[in-house]
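Here the structure is laid out as structure tokens; the discussion comes afterwards.
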Amino acid sequence: WTDAEARAARPRLRVIAAAASAAAAASASSVGPRGGRCRAAVGLRAGGDVAVASVEDTRLLVSDRSIAVMLAAAGLSLLGFTMPAPIMPALRVQFGLSAGQVGLISSSFAAGMFFAVMILPAVSDTRGRKPVAVLALAMTGVGFLAQALVLSLGLGFQAFLLARFLTGLFAGCNPIFKAYLADVVPASMLSTYLVYREAAATTAFVVGPALGGYLATTSMGVAAPLFATALAQLVAACAVWALMEESIGLRRGFGGEDGERRGGGAVDRSTSEDKRVSWPLVLIIFAISFVYVVGQCCFSSFFPLLMNDRFGASPRDIGAVSTCYALVALSFQVLCYKPVSRRLGLLGVGALGALAIAAGLAGLVCDAVPLWVAALVYAVGVASFPATIPTLLARSVPSSRRGLALGVDSIVNSLCRVVAPLSLGVLYARSPGLCFQTAGVLMLSVVAALLCLGRSRVATAALTVTSS
């Protein structure tokens, strides 16, 4: 440069130097027990007239141990719910129930859970994820203990239904744990961590029914799985209370510290971001979630009937197939989801999962498709899709409303789990093919919705702004 050019460039060079210093400080300060890093970039815009710097924070706001404890608690919680599944026939015999009365066992718990997912996640937004999760797990454990005592003491069917309903009033940890991950995990990594949570849930579906069936054959009888369920809930509550860190109050920003501890020069974006909620996008996500649960209910409620009606499968055969399907889903979540999501993106992998679910459901009633192939395709779909909904919600609402949003999503799911089996049951009575094909066509609408969101500039801007 000539002397004149150097003098003219000197102000820009000072800005570049200051930006580089800030980015280097942010990157250096991110090395610590919380892991992760800051990716920094410094340069000039086209034309060389403006200096710019950006920092992408990829740190966890809590320790790895806290995340691991949360995932373990989620697995223990769901393990408790899957262990009692094999005792349904024994309960029918013990209480002398008709087929319609057996449905009351599930609906009584779901009725209580409807209020739990309506209230507890919203309370956790203000009172904290950790104390509300501990309360929910502990009281759910007490509720399952009460159910076991009702069976052991022979107190009757009405007392058992009451215990089921009261237990459901505190069974709202699932959306709280999802909100916790959304609080502490960077937006770019959230879908991966939500898949880890789904993997913990899938593990419970692999282990729980077999363990519950074994415990039911012991000297304690049908009450044994419920006692074990209570123990699992209480162990999870103790682990969360002792080892999980609180997430409410932490805010991600620039500079070396999180939240209130950030030093000078940091910009707190939480206040401005909390005002930005894309309600049309949120409603679309709720609709997608509703349709997905329809497909899920179709498989969980009518696949056993389909196996029995078409192949004369016994409960043991159905259990073996279900375990294999859960193992395939778990393997995909652990080994394949991350590289696939990196290649396709969140909306792409969600659309792929929805398409696989649609193809699997339709293939189950297609004579030209082997049953194991259709079930395998469905397993890949349910391994790919579930993380899409909570990730989209977390990116669409501010951190102060995540618990509420995920709670509303759980309410939507609960309502669907009441309505969908009844409607699909009418279709199945007419024709099994009509039932599964209807659910498959509905899942194709989810594929179309996700692809449209990917092409929508408004949706892309909303997701980008909220997750930035």
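Without hydrogens or angle criteria, T167 side chain to G143 main chain gives a donor-acceptor distance under 3.5 Å. Q147 contributes no side-chain N or O that, together with a main-chain N or O of F160, makes up a donor-acceptor pair within less than 3.5 Å. Remark: the backbone N or O of A73 is not paired with any side-chain donor or acceptor of S77 at under 3.5 angstrom. Panel note: side chain T203, backbone A199; a donor-acceptor pair is recorded below 3.5 Å. With hydrogens and angles ignored, the 3.5 Å screen pairs a side-chain donor or acceptor of T140 with a backbone N or O of F170. Judged purely by atom type and a 3.5 angstrom limit, K130 has no side-chain atom pairing as donor or acceptor with the backbone of S247.
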Are L162 and V150 close enough, and set up right, to give a side chain to side chain contact (heavy atoms under 4.5 Å, CB included), and what steps lead you there?
CA-CA 10 Å; L162 177 61; V150 167; over 6 Å; no
Set out, in order, the CA-CA distance, both residues' side-chain angles and the distance that settles side chain to side chain contact (heavy atoms under 4.5 Å, CB included) for L347 and L392, then state yes or no.
CA-CA 9 Å; L347 295 175; L392 287 175; 3.8 Å; yes
Chi angles and distances behind the side chain to side chain contact (heavy atoms under 4.5 Å, CB included) call for F286, L393:
CA-CA 9 Å; F286 286 152; L393 280 177; 3.9 Å; yes
Show, in sequence, the C-alpha distance, side-chain angles and deciding distance for L181 and I67, and conclude whether the side chain to side chain contact (heavy atoms under 4.5 Å, CB included) test is met.
CA-CA 8 Å; L181 287 176; I67 297 289; 4.0 Å; yes
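The line from CD1 of I176 to CG of D125 is 9.5 Å long, rounded to the nearest 0.5 Å. Interatomic distance, CG of L71 versus CG of L76, reported as 11.0 Å (0.5 Å rounding). Taken from CG in L234 to CE in M139, the straight-line distance is 10.5 Å, to the nearest 0.5 Å. Rounding to the nearest 0.5 angstrom, the gap separating the OG1 atom in T438 from the CE atom in M443 is 14.0 Å. With values rounded to the nearest 0.5 angstrom, L450 atom CG is found 4.5 Å from I288 atom CD1. Rounded to the nearest 0.5 Å, atoms CD1 (I357) and OG (S384) are 8.0 Å apart.
Applying the ring-ring contact (aromatic ring centres under 6.0 Å, His included) criterion to Y292, with sequence neighbours excluded, gives F385. Partners of L451 by side-chain contact (heavy atoms from CB on, under 4.5 Å), not counting sequence neighbours, listed by chain and number: A351, V447.
For the pair Y193/T391, no side-chain contact is recorded, criterion being any heavy-atom separation below 4.5 Å from C-beta on. Counting heavy atoms from C-beta on, the side chains of V408 and V282 never come closer than 4.5 Å. Side-chain contact between D409 and P175 is absent, with no heavy-atom pair separated by less than 4.5 Å. Contact check for L60 versus V185: side-chain heavy atoms found under the 4.5 Å cut-off. S445 has its side chain within reach of V291: a pair of non-hydrogen atoms, C-beta onward, lies under 4.5 Å apart. In this structure the side chain of Y337 never reaches within 4.5 angstrom of the side chain of R342, judged on heavy atoms. The closest side-chain heavy-atom distance from R310 to L364 is not below 4.5 Å. Annotation: side chain of E246 is in contact with side chain of P131 (closest heavy-atom distance under 4.5 Å).
Taking both residues in full, the closest heavy atoms of L226 and A148 are given as CB-CB, 3.7 Å, listed atom of the first, atom of the second, then distance. A383 and A329 get closest at one heavy-atom pair: CB-O, 3.4 Å. Annotation for A359 and V377: closest pair CB-CG1, 4.2 Å, computed over non-hydrogen atoms. Closest approach of L281 to S396, counting heavy atoms only: CD2-OG, 3.4 Å. Closest heavy-atom contact between V446 and A354: CG1-CB, 3.7 Å. The shortest non-hydrogen separation linking A239 to V69 is O-CG1, 3.5 Å.
Identified under the ring-ring contact (aromatic ring centres under 6.0 Å, His included) test for residues 413-443, with sequence neighbours left out: F302-Y428.
Within 6.0 Å of CZ in R127 there are 12 or fewer heavy atoms belonging to other residues, nucleotides or ligands.
Between the side chains of S124 and Y180, not a single donor N or O lies within less than 3.5 Å of an accepting N or O.
The aromatic rings of F115 and F165 stand perpendicular to each other, their planes meeting at an angle above 60°, with 30° marking the opposite boundary.
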